[in-house]
Asker: 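The structure follows.
Fair warning: this is a prediction, and the values are worked out from it, not measured in the lab. So you know, we letter chains A, B, ... as the sequences are listed, proteins then strands, and number each from 1.
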Amino acid sequence: MVYHSSFVDDEEITKACGCPLLPLKSHIKGPAPVSEQDSADIVDEAITFFRANVFFRNFDIQSSADKLLIYLTFYINIALKRLEGCRTLAEGTKAIINLGLEKVPVPGEHGFPFPGLFAIPQSQQEAELFRNYLKQIREETSGRLLSVAYRSNGTPNKWWLAFAKRKFMNIIIP
Amino acid sequence: MDPATSRPAVVIDNGTGYTKMGFAGNVEPCFIVPTVVAVNESFVNQPRVSSTKGSNWLAQHSAGVMADLDFYIGEEALARSKSSTTYNLNYPIRHGQVDNWDAMERFWQQCIFNYLRCDPEDHYFCLYIAVQPVLALAAGYTASKVEKMVLSKVAECFGLGAGPVSKKNSGKADNVQTKLMTFDMGVVVDVGDGATHVVPVADGYVIGSSIKSIPIAGEDVTLFIQQLMRERGEHVPPEESFEVARKVKEMYCYTCSDIVKEFNKHDKEPAKYIKHWRGTKPKTGAPYSCDIGYERFLGPEVFFNPEIYSSDFTTPLPDVIDKCIQSAPIDTRRALYKNVVLSGGSTMFKDFHRRLQRDLKKIVDARVLASDARLGGEIKAQPVEVNVVSHPIQRYAVWFGGSVLASTPEFFTVRLPEAIYLHIFSL
């Protein structure tokens, strides 16, 4: 069974494209609200659940936070694929920065991986808000991913990088 | 007085992965060997020389005759095929069904003459050949084409042209019955290498229409482990990778309660959980070693979440057992839940029965809760007790059943002399 997000209560959180903009323990500038430092946020959840969830091809969505979880799981899969050839932490960081500089599509635009999962943004503002949130959460995820995907001496951790070959939801990454 | 009745009958259980053979009356089989034949193929392609060319022809002819006898089975076969290229491996049984009768015949020859060292004419035989579920044959003798062929082949193999051969259909019930002595109510979950079956038994009779089978079995676990190791880039020579995966499965796999927690445990204490496998390359003799990590618990997880392995089949084993029991007559269900018995090599994973019991209980409890809610909380249903039984002879339970069955005096009286008493799992 897939692992679902525990952030089911989203009454007071601003939503964009049908997805709650959950708080992050982040120092990066962006539209996300700040979360307390010792609790687990959605990025921690995504990384913890990644190695289990990546095996599944069907995901039943129990809350709108699950949509964000799916997006992050897919993003981690892409990131790992970029890290596949990098032998050191420095190379890996460079590859991830390149990934971050690429255009981040929002739902409705060509190139967004899960058409139909999120609602189309109603206005240009909503689209921009969501895009900035995605940028922030992607950067945050990359940072934490690098800390687990590479060991303390800078060599790749094969117990993580093996999952670059897995295809989450059978989606082939270009 | 028939001399054969004074000697113990021979019990052979031919499974997809392993064959268990021994004599009736024993607690465990004498030999458990992989069901594989290594045949010397180098003589097969020799051109037939029609003209007599003296010694040339003679040598070839005698080589051809010897080539027939030049084969090995079981562990020896695996060893020979690794050390030289003249032997080709042949797995006669795939997914519980006999594919290659020639190889099967040779296999039986070696079993009887080399391993058990007995004369087929001096013993009764109790043979188990797991056949793919066709139709549930309740009481009638409408032998399907497959069974007729099996019977005729076996009779041919052992040179028993005379004497009719008979078969009995409720093999599973007998087997299960003798296995637990007082078994007349319960569900047998037989997870072998080629196929998995869930068979409910009530009052000593198999409920044929409720039998369920799933296409996930031990071989799939091995393939999954092989895939995971390959993805990680472990240094295992490709021709050995399946065998290594199989040995890893048998030695190191265990059932976990929760995948994510298990991953965390592996991350926190790698020294405790990560095992090392050392082997030598067959061709060069150079040693290699590889690490074994999360496939230890992801392998057996395939039974509880088949989706992680293949998208063809997604119903977990506890769900299948539950569906099976729900399709049985309503008055038998509580008793069936109370007595779920495991059999087969692939149930030998550590804590398999506990995980199965936990998952099955979850499904059952959810159903009881839902029905309570529907009735408005006025009438509370009695909670259903779920019990998954595991016992030390799980691995060769089928063989054990045959052993006990063949040591009862009725076994001989029902049979005709020199006839093979065939037990087919015609499910």
Side-chain angles (χ1 to χ4, degrees), chain A residues 1-6 40 42-60 62 66 69-70 72-73 76-77 80-81 83-87 144-153 155-173, chain B residues 224-236 256-271 273-276 289-319 355 358-359 362-363 366:
Chain A
M1 296 290 33
V2 282
Y3 288 82
H4 300 275
S5 172
S6 56
I42 186 86
V43 177
D44 283 332
E45 271 196 344
I47 293 184
T48 322
F49 295 158
F50 173 74
R51 283 184 292 181
N53 279 347
V54 75
F55 284 104
F56 291 92
R57 279 164 246 237
N58 299 306
F59 205 116
D60 58 317
Q62 284 180 355
D66 274 347
L69 192 65
I70 295 176
L72 282 179
T73 310
I76 297 176
N77 208 355
L80 281 175
K81 207 154 179 72
L83 290 175
E84 234 183 313
C86 306
R87 297 253 158 251
R144 293 194 212 169
L145 183 65
L146 282 173
S147 63
V148 279
Y150 284 90
R151 282 184 241 264
S152 38
N153 57 0
T155 50
N157 183 356
K158 67 177 178 181
W159 305 107
W160 267 94
L161 289 177
F163 291 92
K165 297 197 176 64
R166 282 270 142 197
K167 298 197 258 304
F168 179 53
M169 309 277 259
N170 254 345
I171 303 176
I172 311 226
I173 302 166
Chain B
F224 188 52
I225 294 178
Q226 185 188 24
Q227 193 184 26
L228 288 174
M229 288 177 73
R230 200 187 296 142
E231 272 176 6
R232 209 166 55 232
E234 294 290 350
H235 301 293
V236 181
C256 67
S257 55
D258 185 82
I259 315 179
V260 169
K261 288 206 191 100
E262 214 60 32
F263 266 119
N264 285 336
K265 279 192 221 169
H266 275 240
D267 283 338
K268 286 208 182 61
E269 290 171 86
Y273 287 97
I274 304 205
K275 302 282 178 198
H276 301 281
S289 85
C290 61
D291 292 332
I292 302 162
Y294 50 78
E295 51 269 12
R296 286 181 70 192
F297 60 87
L298 283 178
E301 193 65 30
V302 168
F303 290 110
F304 302 98
N305 275 315
E307 220 182 316
I308 63 182
Y309 169 60
S310 107
S311 46
D312 296 332
F313 187 81
T314 56
T315 322
L317 185 58
D319 282 33
R355 173 73 188 271
R358 189 196 78 173
D359 284 4
K362 236 193 273 193
I363 302 174

Asker: Would you name the heavy atoms of Phe263(B) and Ala52(A) that are closest together and state the gap between them?
Answerer: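 In terms of heavy atoms, the two residues are closest at CE1-N, 4.1 Å.
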Asker: Which one wins on heavy-atom pair count under 4.5 Å against chain B: Phe49(A), Phe50(A), Phe56(A)?
Answerer: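 Looking at each of Phe49(A), Phe50(A), Phe56(A) in turn, Phe56(A) comes out on top.
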Asker: For the residue pair Ile292(B) and Trp159(A), what are the closest heavy atoms and their distance?
Answerer: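 Nearest pair, atom of Ile292(B) first, then Trp159(A): C-CH2, 4.1 Å.
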Asker: Tell me whether Arg87(A) at atom CZ has more than 12 heavy atoms from other residues, nucleotides or ligands lying less than 6.0 Å away.
Answerer: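 Atom CZ in Arg87(A) is not packed in, count stays at 12 or less.
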Asker: Could you tell me which non-hydrogen atom of Leu228(B) sits nearest to which non-hydrogen atom of Arg166(A), and how far apart they are?
Answerer: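 For Leu228(B) and Arg166(A), the tightest heavy-atom pair comes out as CD2-NH2, 4.0 Å.
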Asker: Examine whether an atom of Glu295(B) lies under 4.5 Å from a heavy atom of chain A, and if so say whether it belongs to the side chain, the backbone or both; otherwise answer neither.
Answerer: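 No part of Glu295(B) comes within 4.5 Å of chain A.
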Asker: Could you walk me through whether Lys158(A) and Glu234(B) satisfy the side-chain contact (heavy atoms from CB on, under 4.5 Å) test, starting with their C-alpha distance in whole Å, then the side-chain angles of each, then the deciding distance to 0.1 Å, before giving a yes or no?
Answerer: CA-CA 10 Å; Lys158(A) 67 177 178 181; Glu234(B) 294 290 350; 3.1 Å; yes
Asker: Write down the atom of Arg57(A), the atom of Glu307(B), and the distance for their closest heavy-atom approach.
Answerer: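 Smallest heavy-atom distance, with atoms named: N-OE2, 3.2 Å.
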Asker: Go through the atoms of Asn53(A) and report whether side chain, backbone, both or neither lie under 4.5 Å from a heavy atom of chain B.
Answerer: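 Neither part.
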Asker: Go through the atoms of Phe304(B) and report whether side chain, backbone, both or neither lie under 4.5 Å from a heavy atom of chain A.
Answerer: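 Interface part for Phe304(B): neither.
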Asker: Name the option with the most non-hydrogen atom pairs under 4.5 Å to chain B; the candidates are Asn157(A), Val148(A), Asn58(A).
Answerer: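 The candidate making the most pairs under 4.5 Å is Asn58(A).
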Asker: Sort Asp267(B) into side chain, backbone, both or neither according to what part of it lies under 4.5 angstrom from a heavy atom of chain A.
Answerer: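 It is the side chain, since no backbone atom gets that close.
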Asker: Is it the backbone or the side chain of Tyr3(A) that comes under 4.5 Å from a heavy atom of chain B, or both, or neither?
Answerer: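 For Tyr3(A), side-chain heavy atoms alone lie under 4.5 Å from chain B.
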Asker: What part of Phe163(A) gets within 4.5 angstrom of chain B, counting heavy atoms only: side chain, backbone, both, or neither?
Answerer: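 Only the side chain of Phe163(A) comes within 4.5 Å of chain B.
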Asker: With the side chain counted from C-beta on, respond yes when Met1(A) and Ile259(B) share a heavy-atom pair under 4.5 Å apart, and no when they do not.
Answerer: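 No - every pair of side-chain heavy atoms lies 4.5 Å or more apart.
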Asker: Classify the ring geometry of Phe224(B) against Phe55(A): parallel below 30°, tilted from 30° to 60°, perpendicular beyond 60°.
Answerer: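 Because their plane-to-plane angle is over 60°, the rings of Phe224(B) and Phe55(A) count as perpendicular.
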